[in-house]
Amino acid sequence: MNITIFGSGYVGLVTAVCFADVGNDVLCVDVDAAKVAKLQRGESPIYEPGLTELLQSNVNEGRLRFTTSAEEGARHSLYQFIAVGTPPAEDGSADMQYVLAVAKSIGQYMDGYRVIVSKSTVPVGTADRVAEAIAAELATRGATHEFDVVSNPEFLKEGAAIADFTKPDRIIVGSSSERATNHMQQLYVPFNRNHDRVVVMDVRSSEMTKYAANAMLATKISFMNEMANLAEKLGADIERVRVGIGSDPRIGYQFIYPGCGYGGSCFPKDVKALIRMADEVGFKAKVLQGVEDVNDRQKTVLFDKIKAHFGNVSGMTFALWGLAFKPRTDDMREAPSRVLMEALWAAGAKVRAYDPVAMHETAKIYGARDDLYLAKSPEDAAQGADAMVLVTEWRVFQSPNFATLAKLLNKPVIFDGRNQYDPQHAKRAGFSYYSVGRASV
Ligand SMILES: NC(=O)c1ccc[n+]([C@@H]2O[C@H](COP(=O)([O-])OP(=O)(O)OC[C@H]3O[C@@H](n4cnc5c(N)ncnc54)[C@H](O)[C@@H]3O)[C@@H](O)[C@H]2O)c1
C-alpha cells in the first residue's frame, strides 16, 4: 500500500519505518529541509533504539522516501497520516497550527479519495476542524473529492517505540465511516496477527482516549511522588510502600516509581491540554490540576535537597548523571534535568553533565556556557564536583564503583532522584546519600 506521513519526528518516523518494513511504499513529508536531507542519507535525526537500522534498510530497498513537497505527499496515497507536533500554546492548550497547515495542504493537492489519519495527539473535536480545513480548500479550487478523517492516536513509548508500534497493546481507530474503518483495518493487518487489537470507536472518544491514557499514567507518577514526600515526613520508606501496594493486582507494579518528576513531550503537555479542554467546557479538572502541581513541585525536589545540605551553593560544582527525560531517548523536552540545571545556575553553581545519548541535544538547547561542562563519561562528570546528582536512571549509572566515585568527587555526597542505590551501601561507602521518599543517610 502507498502511505504518506506528514511529520518525521519521534512518531512520524517510527510509524514510517514500521509501515515500510512490512512492505508498504511510504513517503514522508516534513517542512524541515535539513531533517529531510539527513533522512534521505539514511541518518536518523533522533536517538531511538533500532530506528537507524530500519531506516537504512528500508531507504536502501526503496520502500521509504522523504520529501519537503506536500503536493507530492498528498498525491502519493490514499492514506494521509498527520504526525506533526502539537506543542502547548501559551495558555496550555494544544497548538493546532501544524496539524491545520497539513490539513490545508492535503485539501490543496489531493486528487482522489483520501483517508486522513490523525496520529498527532489532538484535542477532542479536532477531526471536525481538519475536515473543515480540507473542505474549504477543496471548495476554493472547485474540487469534489471525497475524504474521511480518522483518529488513530499513537501510544508508543520513546526508548521502546519500534516494539510498541509493531506489537501494540491496542490500535485505536476513531471513525464514523465504514469505508475508512475498513481501510484502517487492512493497513494494520501485519501488526494484528496474534489477536485482533483494533478497537473501533467514534472519533471524539478516540481523541479523548489518548489524553485519558496519558493523564492516568501521569496521575500514577504524581500520586507516588506525593506518597514519597509524605513518607519522608512520616519516617516511612517509599520503596517498601511501593512493593507493598504494587502486589495488589488492582494497583500493579508498573509506573509507581517515585522520582524527580515526569517530563518529555507528552505527559506535561497532554495534562495541560486536557485541563484547558475541561476549562473550555466550564469543568474544573481538579485531579488533573493536582497532578500537574505535584509534578511542578517534584521537579524542584533535588535542588531543595541540595540547598538543605549545602546552604549557599554559589561557586560550587555539581555532577549531573542523566539529562534526557528518561532512559533510552535523547529527548530533553520538559526534562527534570533542565529545571535542576537552571536552578543551580541561577544560584551561582556550575554543572558537569553526562548523558549516554542526550549530550548533543543539551548542547543544542544551552549552547556553550561557562557554567556547563559536557562531560565525556560519568567519571569525567564527577571529577572535582562537590556532589553527584542522579537525574535519569540509565542502566550505565545503576551500579557505579562507589570507591572510585568517592575519590573523583570533592565531597562524597549523592543526590539520587530515582532511588537507584541502596542507602546502606552508599553509607558504607562513606557517602552522604539523599533519595526520594526514604530517610537520608
Ligand atoms: N513523542 C512521543 O513519544 C509521542 C507519543 C505519542 C504521541 N505523540 C504525539 O505525536 C505528535 C508528534 O510528536 P513528535 O514527538 O513526533 O513531534 P516532533 O516534534 O518530534 O516531530 C514533529 C515533526 O513535524 C514536522 N512538521 C511540522 N509542521 C509540518 C508540516 N506542516 N508538514 C510536515 N511536517 C511538519 C516538524 O518539522 C517535525 O519534524 C504530537 O501530537 C505528540 O503529542 C508523541
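Remember, it's a predicted structure, so these values are computed and weren't measured experimentally. Both ligands and their constituent atoms are indexed starting at 1 by order of listing.
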May I have the list of side-chain donor-acceptor pairs in residues 108-115 shorter than 3.5 Å, sequence neighbours left out?
unit_1, atom_1, unit_2, atom_2, d
D111, OD1, R114, NH2, 2.5
Y113, OH, D148, OD2, 2.5
R114, NE, A74, O, 2.9
R114, NE, S77, O, 2.9
R114, NH2, A74, O, 3.1

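- Ring geometry for F191 against F165 counts as perpendicular: the plane angle is over 60°, on a 0 to 90° scale with 30° as the lower cut.
- The salt bridge (Lys or Arg N to Asp or Glu O under 4.0 Å) check on E379 picks up nothing, with sequence neighbours excluded.
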side-chain hydrogen bond (donor to acceptor under 3.5 Å, both in side chains) assessment of D416 paired with Y433: CA-CA 7 Å; D416 177 355; Y433 176 73; 2.6 Å; yes

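- At a cut-off of 3.5 Å, with distance as the only test, no side-chain donor of N192 or R197 sits close to an acceptor on the other residue.
- By the salt bridge (Lys or Arg N to Asp or Glu O under 4.0 Å) test, D380 is found to be paired with R352, residues two or more places apart in sequence or in another chain being considered.
- Pocket lining of ligand 1, defined as residues with a non-hydrogen atom under 4.0 Å away: G7, S8, G9, Y10, V11, V29, D30, V31, D32, K35, A83, V84, G85, T86, Y98, V102, S120, T121, E154, L156, E158, K210, S265, C266, K269, R333.
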